[in-house]
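Chain letters run A, B, ... following the sequence lines, proteins first and then strands; every chain starts at 1. The figures here come from the full heavy-atom set of this structure, side chains too, leaving out hydrogens, waters and symmetry mates.
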Number of protein chains: 2
Amino acid sequence: MILKSQVEWALHCCAILAGLPEGRYLSTKALAEFHGLPKEYLSKALQSLSQAGLVHTTLGPSGGYRLARSPEELTFLDIVEAVEGKTRTFVCNEIRANNPCRPKDHCDSAPCAIARVMWGADEAWRQKLRSVTLADLGRTLAQELPPSLWQDTIDWVEDRAG
Amino acid sequence: MILKSQVEWALHCCAILAGLPEGRYLSTKALAEFHGLPKEYLSKALQSLSQAGLVHTTLGPSGGYRLARSPEELTFLDIVEAVEGKTRTFVCNEIRANNPCRPKDHCDSAPCAIARVMWGADEAWRQKLRSVTLADLGRTLAQELPPSLWQDTIDWVEDRAG
DNA sequence: CTAAATAGGGATATCCATTGTCCGTAATAG
DNA sequence: CTATTACGGACAATGGATATCCCTATTTAG
(Lines give C-alpha, C1' and ligand atoms only; values in the text may rest on other atoms or scores of the structure.)
Protein backbone atom coordinates (compact mmCIF):
# COMPACT_ATOMS: atom_id res chain seq x y z
CA MET A 1 0.00 0.00 0.00
CA ILE A 2 1.87 3.02 -1.30
CA LEU A 3 0.57 6.48 -2.10
CA LYS A 4 0.55 7.50 -5.76
CA SER A 5 3.55 9.44 -6.93
CA GLN A 6 1.05 12.10 -7.95
CA VAL A 7 0.71 12.90 -4.26
CA GLU A 8 4.42 13.62 -4.06
CA TRP A 9 4.23 15.72 -7.21
CA ALA A 10 1.24 17.72 -5.97
CA LEU A 11 2.94 18.47 -2.66
CA HIS A 12 6.10 19.70 -4.34
CA CYS A 13 4.11 21.81 -6.79
CA CYS A 14 2.10 23.38 -3.98
CA ALA A 15 5.33 24.15 -2.15
CA ILE A 16 6.47 26.09 -5.20
CA LEU A 17 3.14 27.81 -5.66
CA ALA A 18 3.27 28.90 -2.02
CA GLY A 19 6.33 30.97 -2.88
CA LEU A 20 4.71 32.62 -5.88
CA PRO A 21 4.10 36.38 -5.66
CA GLU A 22 0.51 37.42 -5.05
CA GLY A 23 -1.70 37.23 -8.13
CA ARG A 24 0.83 35.57 -10.43
CA TYR A 25 0.36 32.17 -12.09
CA LEU A 26 2.71 29.32 -12.91
CA SER A 27 2.04 26.90 -15.77
CA THR A 28 2.09 23.12 -15.87
CA LYS A 29 5.00 23.38 -18.26
CA ALA A 30 7.11 25.33 -15.78
CA LEU A 31 6.20 23.05 -12.87
CA ALA A 32 7.01 19.97 -14.93
CA GLU A 33 10.32 21.37 -16.07
CA PHE A 34 11.26 22.43 -12.55
CA HIS A 35 10.64 18.97 -11.10
CA GLY A 36 11.71 16.95 -14.12
CA LEU A 37 8.25 15.38 -14.50
CA PRO A 38 6.14 14.39 -17.53
CA LYS A 39 4.06 17.47 -18.32
CA GLU A 40 0.94 15.68 -19.53
CA TYR A 41 0.66 13.41 -16.54
CA LEU A 42 1.54 16.06 -14.00
CA SER A 43 -1.34 17.98 -15.51
CA LYS A 44 -3.73 15.35 -14.17
CA ALA A 45 -2.49 15.88 -10.62
CA LEU A 46 -2.88 19.64 -10.96
CA GLN A 47 -6.39 19.15 -12.30
CA SER A 48 -7.19 17.20 -9.14
CA LEU A 49 -6.03 20.16 -7.08
CA SER A 50 -8.17 22.43 -9.21
CA GLN A 51 -11.26 20.26 -8.86
CA ALA A 52 -10.76 20.21 -5.10
CA GLY A 53 -10.67 24.00 -5.11
CA LEU A 54 -7.15 24.22 -3.71
CA VAL A 55 -5.77 26.16 -6.65
CA HIS A 56 -7.01 28.82 -9.03
CA THR A 57 -6.38 28.66 -12.75
CA THR A 58 -6.34 30.97 -15.77
CA LEU A 59 -6.08 30.15 -19.44
CA GLY A 60 -4.03 31.56 -22.23
CA PRO A 61 -0.38 32.58 -22.39
CA SER A 62 0.86 33.60 -18.94
CA GLY A 63 -1.83 31.37 -17.54
CA GLY A 64 -1.40 28.54 -15.06
CA TYR A 65 -1.94 27.89 -11.37
CA ARG A 66 -1.86 29.75 -8.08
CA LEU A 67 -3.01 28.76 -4.61
CA ALA A 68 -6.67 29.46 -3.94
CA ARG A 69 -6.00 30.06 -0.23
CA SER A 70 -3.18 31.34 1.94
CA PRO A 71 -0.42 28.81 2.72
CA GLU A 72 -1.46 29.09 6.37
CA GLU A 73 -4.83 27.62 5.43
CA LEU A 74 -3.63 24.81 3.18
CA THR A 75 -2.72 21.57 4.91
CA PHE A 76 -0.91 18.47 3.73
CA LEU A 77 -4.17 16.62 4.21
CA ASP A 78 -5.98 18.92 1.78
CA ILE A 79 -3.47 18.10 -0.92
CA VAL A 80 -3.20 14.39 -0.18
CA GLU A 81 -6.97 13.98 -0.19
CA ALA A 82 -7.37 16.01 -3.37
CA VAL A 83 -5.11 13.61 -5.25
CA GLU A 84 -5.55 10.34 -3.41
CA GLY A 85 -9.22 10.65 -2.53
CA LYS A 86 -10.96 10.76 0.83
CA THR A 87 -11.82 7.09 1.13
CA ARG A 88 -10.36 5.39 4.18
CA THR A 89 -7.31 3.18 3.74
CA PHE A 90 -9.10 0.24 5.33
CA VAL A 91 -12.24 -1.19 3.82
CA CYS A 92 -14.44 -3.41 5.97
CA ASN A 93 -16.03 -6.16 3.93
CA GLU A 94 -18.17 -7.34 6.84
CA ILE A 95 -16.77 -10.80 6.76
CA ARG A 96 -18.00 -11.17 10.33
CA ALA A 97 -21.42 -11.63 8.71
CA ASN A 98 -20.24 -15.00 7.38
CA ASN A 99 -19.87 -16.47 10.85
CA PRO A 100 -21.87 -19.69 10.53
CA CYS A 101 -23.03 -19.36 14.14
CA ARG A 102 -24.95 -16.18 13.43
CA PRO A 103 -28.72 -16.28 13.59
CA LYS A 104 -30.14 -15.10 10.27
CA ASP A 105 -32.03 -12.25 11.83
CA HIS A 106 -28.96 -10.98 13.60
CA CYS A 107 -28.43 -7.24 13.25
CA ASP A 108 -25.17 -5.55 14.22
CA SER A 109 -25.45 -2.62 16.57
CA ALA A 110 -21.98 -1.24 15.86
CA PRO A 111 -19.38 -1.33 13.08
CA CYS A 112 -16.96 -4.24 13.17
CA ALA A 113 -14.53 -3.82 16.09
CA ILE A 114 -11.56 -4.57 13.85
CA ALA A 115 -12.61 -1.92 11.36
CA ARG A 116 -12.99 0.61 14.16
CA VAL A 117 -9.38 0.12 15.21
CA MET A 118 -8.14 0.39 11.63
CA TRP A 119 -10.22 3.50 11.06
CA GLY A 120 -8.84 5.02 14.25
CA ALA A 121 -5.33 4.58 12.93
CA ASP A 122 -6.38 6.05 9.61
CA GLU A 123 -7.75 9.07 11.46
CA ALA A 124 -4.48 9.47 13.38
CA TRP A 125 -2.68 9.57 10.03
CA ARG A 126 -5.03 12.20 8.68
CA GLN A 127 -4.83 14.24 11.87
CA LYS A 128 -1.07 14.39 11.54
CA LEU A 129 -1.33 15.53 7.93
CA ARG A 130 -3.97 18.07 8.93
CA SER A 131 -1.61 19.59 11.47
CA VAL A 132 1.01 20.70 8.94
CA THR A 133 0.38 23.62 6.60
CA LEU A 134 2.19 24.80 3.51
CA ALA A 135 3.34 27.77 5.57
CA ASP A 136 5.00 25.38 8.02
CA LEU A 137 6.72 23.65 5.14
CA GLY A 138 7.88 26.99 3.74
CA ARG A 139 9.45 27.97 7.05
CA THR A 140 11.26 24.65 7.25
CA LEU A 141 12.62 24.97 3.75
CA ALA A 142 13.69 28.59 4.25
CA GLN A 143 15.65 27.46 7.28
CA GLU A 144 17.24 24.37 5.76
CA LEU A 145 18.07 25.30 2.19
CA PRO A 146 21.25 27.16 1.36
CA PRO A 147 20.22 30.83 0.95
CA SER A 148 21.65 31.00 -2.56
CA LEU A 149 19.67 28.00 -3.76
CA TRP A 150 16.58 29.38 -2.09
CA GLN A 151 16.99 32.74 -3.83
CA ASP A 152 17.86 31.19 -7.20
CA THR A 153 14.72 29.08 -7.03
CA ILE A 154 12.54 32.08 -6.23
CA ASP A 155 14.08 33.94 -9.17
CA TRP A 156 13.64 30.97 -11.49
CA VAL A 157 9.97 30.74 -10.62
CA GLU A 158 9.32 34.45 -10.84
CA ASP A 159 10.99 34.48 -14.22
CA ARG A 160 8.44 32.02 -15.57
CA ALA A 161 5.37 33.21 -13.68
CA GLY A 162 2.65 34.85 -15.77
CA MET B 1 -4.40 3.66 -1.53
CA ILE B 2 -6.24 0.83 0.17
CA LEU B 3 -4.89 -1.98 2.31
CA LYS B 4 -5.09 -5.48 0.87
CA SER B 5 -8.11 -7.48 1.90
CA GLN B 6 -5.60 -10.03 3.19
CA VAL B 7 -4.96 -7.63 6.05
CA GLU B 8 -8.61 -7.78 7.04
CA TRP B 9 -8.58 -11.55 6.73
CA ALA B 10 -5.44 -11.94 8.83
CA LEU B 11 -6.86 -9.72 11.57
CA HIS B 12 -10.10 -11.70 11.75
CA CYS B 13 -8.21 -14.99 11.75
CA CYS B 14 -5.96 -13.84 14.57
CA ALA B 15 -9.02 -12.74 16.53
CA ILE B 16 -10.31 -16.30 16.26
CA LEU B 17 -6.95 -17.85 17.08
CA ALA B 18 -6.78 -15.65 20.18
CA GLY B 19 -9.82 -17.49 21.52
CA LEU B 20 -8.37 -20.93 20.85
CA PRO B 21 -7.64 -23.12 23.90
CA GLU B 22 -3.97 -23.41 24.82
CA GLY B 23 -2.01 -25.80 22.62
CA ARG B 24 -4.76 -26.46 20.08
CA TYR B 25 -4.53 -25.71 16.36
CA LEU B 26 -7.04 -24.49 13.79
CA SER B 27 -6.68 -25.28 10.09
CA THR B 28 -6.87 -23.01 7.05
CA LYS B 29 -9.94 -24.93 6.01
CA ALA B 30 -11.78 -24.11 9.23
CA LEU B 31 -10.73 -20.45 9.14
CA ALA B 32 -11.80 -20.11 5.52
CA GLU B 33 -15.13 -21.76 6.17
CA PHE B 34 -15.78 -19.62 9.22
CA HIS B 35 -15.16 -16.37 7.36
CA GLY B 36 -16.52 -17.44 3.98
CA LEU B 37 -13.16 -16.91 2.26
CA PRO B 38 -11.31 -18.75 -0.53
CA LYS B 39 -9.20 -21.36 1.24
CA GLU B 40 -6.23 -21.33 -1.13
CA TYR B 41 -5.82 -17.60 -1.11
CA LEU B 42 -6.42 -17.18 2.61
CA SER B 43 -3.60 -19.68 2.99
CA LYS B 44 -1.21 -17.07 1.57
CA ALA B 45 -2.15 -14.58 4.26
CA LEU B 46 -1.65 -17.18 6.97
CA GLN B 47 1.72 -18.07 5.50
CA SER B 48 2.69 -14.41 5.85
CA LEU B 49 1.80 -14.58 9.52
CA SER B 50 3.84 -17.75 9.84
CA GLN B 51 6.87 -16.23 8.14
CA ALA B 52 6.67 -13.23 10.45
CA GLY B 53 6.71 -15.58 13.41
CA LEU B 54 3.32 -14.48 14.71
CA VAL B 55 1.78 -17.94 14.53
CA HIS B 56 2.91 -21.51 15.08
CA THR B 57 2.00 -24.31 12.71
CA THR B 58 1.82 -28.08 12.66
CA LEU B 59 1.29 -30.43 9.75
CA GLY B 60 -0.88 -33.44 9.26
CA PRO B 61 -4.47 -34.09 10.26
CA SER B 62 -5.48 -31.96 13.26
CA GLY B 63 -2.75 -29.56 12.17
CA GLY B 64 -3.12 -25.85 11.54
CA TYR B 65 -2.33 -22.57 13.27
CA ARG B 66 -2.11 -21.15 16.76
CA LEU B 67 -0.73 -17.86 18.04
CA ALA B 68 3.00 -17.89 18.73
CA ARG B 69 2.63 -15.32 21.52
CA SER B 70 0.04 -14.32 24.06
CA PRO B 71 -2.74 -12.03 22.76
CA GLU B 72 -1.41 -9.37 25.13
CA GLU B 73 1.81 -9.33 23.15
CA LEU B 74 0.37 -9.32 19.66
CA THR B 75 -0.54 -5.92 18.27
CA PHE B 76 -2.53 -4.87 15.22
CA LEU B 77 0.69 -3.46 13.80
CA ASP B 78 2.39 -6.86 14.01
CA ILE B 79 -0.35 -8.38 11.88
CA VAL B 80 -0.70 -5.50 9.44
CA GLU B 81 3.05 -5.39 8.81
CA ALA B 82 3.27 -9.16 8.45
CA VAL B 83 0.80 -9.08 5.57
CA GLU B 84 1.25 -5.63 4.10
CA GLY B 85 4.98 -5.28 4.60
CA LYS B 86 6.98 -2.77 6.59
CA THR B 87 7.71 -0.30 3.83
CA ARG B 88 6.43 3.20 4.46
CA THR B 89 3.28 4.31 2.68
CA PHE B 90 5.06 7.32 1.19
CA VAL B 91 8.03 6.89 -1.10
CA CYS B 92 10.30 9.86 -1.70
CA ASN B 93 11.63 9.92 -5.24
CA GLU B 94 13.94 12.85 -4.54
CA ILE B 95 12.41 15.00 -7.21
CA ARG B 96 13.89 17.98 -5.42
CA ALA B 97 17.15 16.88 -7.02
CA ASN B 98 15.75 17.94 -10.39
CA ASN B 99 15.58 21.60 -9.39
CA PRO B 100 17.44 23.28 -12.26
CA CYS B 101 18.87 25.87 -9.88
CA ARG B 102 20.84 23.26 -7.96
CA PRO B 103 24.59 23.29 -8.24
CA LYS B 104 25.77 19.91 -9.48
CA ASP B 105 27.90 19.27 -6.42
CA HIS B 106 25.03 20.01 -4.09
CA CYS B 107 24.63 17.44 -1.34
CA ASP B 108 21.53 17.29 0.84
CA SER B 109 22.09 17.34 4.56
CA ALA B 110 18.64 16.05 5.48
CA PRO B 111 15.84 14.00 3.91
CA CYS B 112 13.33 15.97 1.88
CA ALA B 113 11.15 18.08 4.17
CA ILE B 114 7.99 16.90 2.44
CA ALA B 115 8.96 13.27 2.91
CA ARG B 116 9.63 13.87 6.60
CA VAL B 117 6.09 15.14 7.13
CA MET B 118 4.61 12.20 5.25
CA TRP B 119 6.75 9.76 7.18
CA GLY B 120 5.68 11.39 10.43
CA ALA B 121 2.06 10.75 9.55
CA ASP B 122 2.91 7.18 8.61
CA GLU B 123 4.53 6.74 12.01
CA ALA B 124 1.44 8.12 13.76
CA TRP B 125 -0.61 5.51 11.92
CA ARG B 126 1.74 2.73 12.99
CA GLN B 127 1.84 4.00 16.56
CA LYS B 128 -1.92 3.80 16.77
CA LEU B 129 -1.88 0.24 15.44
CA ARG B 130 0.91 -0.64 17.85
CA SER B 131 -1.21 0.51 20.78
CA VAL B 132 -3.97 -2.06 20.29
CA THR B 133 -3.42 -5.74 21.11
CA LEU B 134 -5.42 -8.82 20.27
CA ALA B 135 -6.29 -8.99 23.96
CA ASP B 136 -7.85 -5.52 23.72
CA LEU B 137 -9.85 -6.67 20.72
CA GLY B 138 -10.99 -9.77 22.55
CA ARG B 139 -12.26 -7.72 25.48
CA THR B 140 -14.18 -5.43 23.15
CA LEU B 141 -15.80 -8.34 21.35
CA ALA B 142 -16.68 -10.12 24.59
CA GLN B 143 -18.44 -6.98 25.71
CA GLU B 144 -20.26 -6.21 22.47
CA LEU B 145 -21.33 -9.55 21.07
CA PRO B 146 -24.49 -11.23 22.27
CA PRO B 147 -23.38 -13.85 24.82
CA SER B 148 -25.07 -16.66 22.91
CA LEU B 149 -23.28 -15.84 19.65
CA TRP B 150 -20.02 -15.49 21.53
CA GLN B 151 -20.46 -18.92 23.12
CA ASP B 152 -21.65 -20.58 19.91
CA THR B 153 -18.57 -19.27 18.11
CA ILE B 154 -16.24 -20.57 20.80
CA ASP B 155 -17.93 -23.96 20.56
CA TRP B 156 -17.75 -23.98 16.75
CA VAL B 157 -14.03 -23.27 16.86
CA GLU B 158 -13.27 -25.78 19.59
CA ASP B 159 -15.20 -28.39 17.65
CA ARG B 160 -12.84 -28.03 14.70
CA ALA B 161 -9.58 -27.42 16.57
CA GLY B 162 -7.00 -30.16 16.36
C1' DC C 1 -7.91 40.71 -35.13
C1' DT C 2 -4.77 36.88 -35.20
C1' DA C 3 -1.73 33.56 -33.41
C1' DA C 4 0.17 31.23 -29.72
C1' DA C 5 -0.21 29.30 -25.25
C1' DT C 6 -2.91 27.56 -21.71
C1' DA C 7 -6.19 24.33 -18.72
C1' DG C 8 -9.25 20.70 -19.22
C1' DG C 9 -10.80 16.33 -20.47
C1' DG C 10 -11.49 12.07 -23.20
C1' DA C 11 -9.37 7.96 -25.32
C1' DT C 12 -5.94 4.78 -25.21
C1' DA C 13 -1.86 1.90 -24.11
C1' DT C 14 1.33 -0.06 -20.75
C1' DC C 15 2.80 -1.69 -16.55
C1' DC C 16 2.41 -3.79 -12.17
C1' DA C 17 0.31 -5.22 -7.76
C1' DT C 18 -3.58 -7.60 -6.09
C1' DT C 19 -6.54 -11.34 -6.30
C1' DG C 20 -7.37 -15.99 -7.14
C1' DT C 21 -6.58 -20.89 -8.63
C1' DC C 22 -4.03 -25.11 -9.22
C1' DC C 23 -0.73 -28.49 -8.26
C1' DG C 24 3.37 -30.84 -6.26
C1' DT C 25 6.07 -31.80 -1.92
C1' DA C 26 7.15 -32.84 2.79
C1' DA C 27 5.48 -33.79 7.21
C1' DT C 28 2.32 -35.80 10.52
C1' DA C 29 -1.62 -38.00 12.97
C1' DG C 30 -4.50 -41.95 13.31
C1' DC D 1 -0.48 -46.94 4.99
C1' DT D 2 -3.65 -43.26 4.19
C1' DA D 3 -5.70 -39.01 4.70
C1' DT D 4 -4.85 -34.41 5.95
C1' DT D 5 -2.18 -30.56 6.57
C1' DA D 6 1.19 -26.36 5.65
C1' DC D 7 4.09 -24.64 2.26
C1' DG D 8 5.62 -22.82 -1.97
C1' DG D 9 5.90 -22.32 -6.95
C1' DA D 10 3.53 -21.44 -11.28
C1' DC D 11 0.07 -19.27 -13.54
C1' DA D 12 -4.12 -16.50 -14.98
C1' DA D 13 -7.45 -12.66 -14.36
C1' DT D 14 -8.44 -8.25 -12.80
C1' DG D 15 -7.98 -3.50 -11.83
C1' DG D 16 -5.58 0.60 -10.62
C1' DA D 17 -1.51 3.53 -11.50
C1' DT D 18 1.25 5.46 -14.92
C1' DA D 19 1.89 7.68 -19.20
C1' DT D 20 0.89 9.55 -23.80
C1' DC D 21 -1.85 11.69 -27.35
C1' DC D 22 -5.20 14.66 -29.17
C1' DC D 23 -9.12 17.80 -29.33
C1' DT D 24 -11.61 21.92 -27.38
C1' DA D 25 -12.53 26.33 -25.32
C1' DT D 26 -10.44 30.19 -23.46
C1' DT D 27 -7.38 34.01 -22.94
C1' DT D 28 -3.35 36.71 -23.50
C1' DA D 29 0.31 38.90 -26.40
C1' DG D 30 1.44 41.18 -30.32
Side-chain angles (χ1 to χ4, degrees), chain A residues 1-10 13 17 23-33 35-66 68 80 82-85 87 89-91 93 95 160-162, chain B residues 1-10 13 17 23-33 35-66 68 80 82-85 87 89-91 93 95 160-162:
Chain A
M1 186 197 58
I2 289 180
L3 289 166
K4 318 191 216 200
S5 50
Q6 292 221 351
V7 171
E8 183 184 17
W9 301 357
C13 287
L17 293 180
R24 313 273 301 272
Y25 290 83
L26 198 60
S27 70
T28 306
K29 187 182 170 192
L31 286 166
E33 184 189 345
H35 293 111
L37 300 173
K39 180 170 85 84
E40 302 286 352
Y41 192 34
L42 172 63
S43 167
K44 306 293 185 186
L46 297 173
Q47 282 174 40
S48 295
L49 297 178
S50 171
Q51 283 167 5
L54 306 187
V55 296
H56 229 245
T57 70
T58 55
L59 291 175
S62 82
Y65 298 87
R66 68 170 172 81
V80 170
V83 175
E84 189 70 39
T87 57
T89 56
F90 180 85
V91 174
N93 293 108
I95 65 177
R160 280 156 183 85
Chain B
M1 188 196 58
I2 291 180
L3 289 165
K4 319 192 217 199
S5 51
Q6 292 222 353
V7 170
E8 183 184 16
W9 301 357
C13 285
L17 293 181
R24 312 275 298 274
Y25 291 83
L26 198 60
S27 70
T28 305
K29 186 182 170 192
L31 287 166
E33 184 188 346
H35 293 112
L37 300 174
K39 180 171 86 84
E40 301 285 351
Y41 192 33
L42 173 62
S43 167
K44 305 293 185 186
L46 297 173
Q47 281 174 41
S48 296
L49 296 178
S50 172
Q51 282 166 4
L54 305 187
V55 297
H56 225 250
T57 70
T58 55
L59 291 175
S62 81
Y65 298 88
R66 66 168 172 83
V80 170
V83 174
E84 190 70 38
T87 57
T89 56
F90 180 85
V91 174
N93 292 109
I95 66 176
R160 282 156 183 83

Suppose we screen for side-chain hydrogen bond (donor to acceptor under 3.5 Å, both in side chains). Which residues come up paired with R160(B), at least two apart in sequence or across chains? none
When rounded to the nearest 0.5 angstrom, what is the spacing between CG in L42(B) and CD in E33(B)? 12.0 Å
Give, for atom CG of L17(A) and atom CG of L46(A), the distance between the pair rounded to the nearest 0.5 Å. 7.5 Å
In numerical order, the residues of residues 45-57 of chain A whose heavy atoms come under 4.0 Å of DNA chain D are none
Expressed in angstrom and rounded to an integer, what is the separation of L3(B) atom CG from dT18(C) atom P? 10 Å
My understanding is that only residues two or more places apart in sequence, or in another chain, count here; which of them pass side-chain hydrogen bond (donor to acceptor under 3.5 Å, both in side chains) with S43(A)? Q47(A)
Identify whether any heavy atom of G64(A) sits under 4.0 Å from a base atom; if not, whether one sits that close to sugar-phosphate; answer base, sugar-phosphate or nothing. sugar-phosphate
E84(B): which residues meet the side chain to side chain contact (heavy atoms under 4.5 Å, CB included) condition with it, sequence neighbours left out? M1(A), L3(B), K4(B), V7(B), V80(B)
Would you please confirm or rule out a distance under 4.0 Å between OP1 or OP2 of dG8(C) and any side-chain N or O of S43(A)? no
Considering residues at least two apart in sequence or located in another chain, which fulfil the side chain to side chain contact (heavy atoms under 4.5 Å, CB included) criterion with S62(A)? none
Rounded to whole Å, CD1 of I2(A) lies from C1' of dT18(C) at a distance of 13 Å
Interatomic distance, K44(A) NZ vs dA13(C) C1' [rounded to whole Å]: 13 Å
Just jot down the side chain to side chain contact (heavy atoms under 4.5 Å, CB included) partners of T57(B), sequence neighbours excluded, or say none. S50(B), Y65(B)
Tell me, for nucleotides 23-30 of chain D in 5' to 3' order, what letter each nucleotide earns: B for a base near a protein heavy atom under 4.0 Å, S for only sugar-phosphate near one, - for neither? ---BBB--
Atom CG of N93(A) to atom P of dT18(C): distance rounded to whole Å? 16 Å
As an exercise, state the distance from OG1 of T28(B) to CD of E40(B), rounded to the nearest 0.5 Å. 9.0 Å
Looking at CG of L37(B) and CD of E8(B), how far apart are the two atoms once the value is rounded to the nearest 0.5 Å? 8.0 Å
Could you tell me the separation between the CD1 atom of I95(B) and the P atom of dT18(D), rounded to a whole number of Å? 13 Å
Expected list for residues 35-42 of chain B near DNA chain C, using heavy atoms below 4.0 Å, is P38(B), E40(B), Y41(B)
V83(B) and A10(B): which non-hydrogen atoms are nearest, and at how many Å? CG2-CB, 3.6 Å
A32(B) and K39(B): which non-hydrogen atoms are nearest, and at how many Å? CB-CA, 3.7 Å
Quick one: E84(A) CD to dT18(D) C1', roughly how many Å, whole number? 13 Å
Interface with DNA chain D, restricted to residues 24-33 of chain A and to heavy atoms under 4.0 Å: none
Check side-chain hydrogen bond (donor to acceptor under 3.5 Å, both in side chains) between S5(B) and all other residues, then give those that pass, not counting sequence neighbours. none
Using whole Å, what does the distance between atom P of nucleotide dA17(D) and atom CE of M1(A) come to? 13 Å
Identify, with sequence neighbours excluded, every residue that meets side chain to side chain contact (heavy atoms under 4.5 Å, CB included) alongside P38(B). W9(B), Y41(B)
So do C13(B) and V55(B) actually touch side chain to side chain, heavy atoms under 4.5 Å? no
